[in-house]
Amino acid sequence: SNTNNYITQYTEKDISISKSTLYLSTVNNEELEIIFPPGLSSKGIDWNLDNSSVIKFVSADFNTVVIAGCKKGTATIYAKPKGYSVTLQCTVIVTE
């Protein structure tokens, strides 16, 4: 029998965002989450957005942010996990 044990080593490249595209109305809020693989942990996330007239951040928790749509349009959210050199992004499309 094969007794080799393979240990998977996760790196910061395995950190992911719950959605890469998010459709949002001006009525409902949506949540985005940064997902860490086993063995990696968060010291928090630096959240940024490039178009504050289209969306706004309602609240941020340890690995999550809640987004509200302000008006029809497109914006990009950037999430930088503290202590890592990766930046994840999500395109947000506000429909109405």
Side-chain contact test, heavy atoms from C-beta onward, threshold under 4.5 Å: evaluate it for Lys82 versus Asp46 and give yes or no. yes
Going hydrophobic residue to hydrophobic residue with side-chain gaps under 4.5 angstrom, can you get from Tyr23 over to Val65? no
Cluster check Tyr78, Phe36: I/L/V/M/F/W/Y, side chain < 4.5 angstrom: no
Determine the minimum heavy-atom distance between Ala68 and Val58, stating which atoms define it. CB-CG2, 3.6 Å
At what distance, to the nearest 0.5 angstrom, does OG of Ser16 lie from CD of Glu33? 8.5 Å
Nearest 0.5 angstrom please: Ile55 CD1 to Thr26 OG1, how far? 13.5 Å
How many angstroms lie between atom CD1 of Ile34 and atom NZ of Lys80, to the nearest 0.5 angstrom? 11.5 Å
Smallest heavy-atom separation, Ser18 atom then Ile35 atom, equals CA-CD1, 3.9 Å
Between Val94 and Gly69, the two heavy atoms sitting closest are CG2-CA, 4.1 Å
CZ of Phe62 to CD1 of Ile45: how many Å apart, nearest 0.5 Å? 8.0 Å
Side chain proximity check, Pro81 to Glu12, heavy atoms < 4.5 angstrom: no
Asn51 and Thr74, any side-chain heavy atoms less than 4.5 Å apart: no
Closest non-hydrogen atom pair, Leu22 against Glu30: CD2-CB, 3.9 Å
Nearest 0.5 Å, please: how far is CG in Leu49 from CD in Gln89? 12.5 Å
Do Trp47 and Leu24 belong to the same hydrophobic cluster, where Ile, Leu, Val, Met, Phe, Trp and Tyr are linked whenever their side-chain heavy atoms lie under 4.5 Å apart, directly or via other members? yes
Once rounded to the nearest 0.5 Å, what's the spacing between atom CG of Leu88 and atom NZ of Lys19? 15.5 Å
Side-chain contact, heavy-atom cut-off 4.5 Å: Val92 with Ile77? yes
Using the side-chain contact (heavy atoms from CB on, under 4.5 Å) definition, which of the options Ile67, Val66, Thr64 pairs with Leu32? Ile67
If every non-hydrogen atom of Ser25 is compared with every non-hydrogen atom of Thr95, which pair is closest and at what distance? CA-OG1, 4.0 Å
For Cys70 and Ser53, the nearest pair of non-hydrogen atoms, with its separation, is CB-O, 3.3 Å
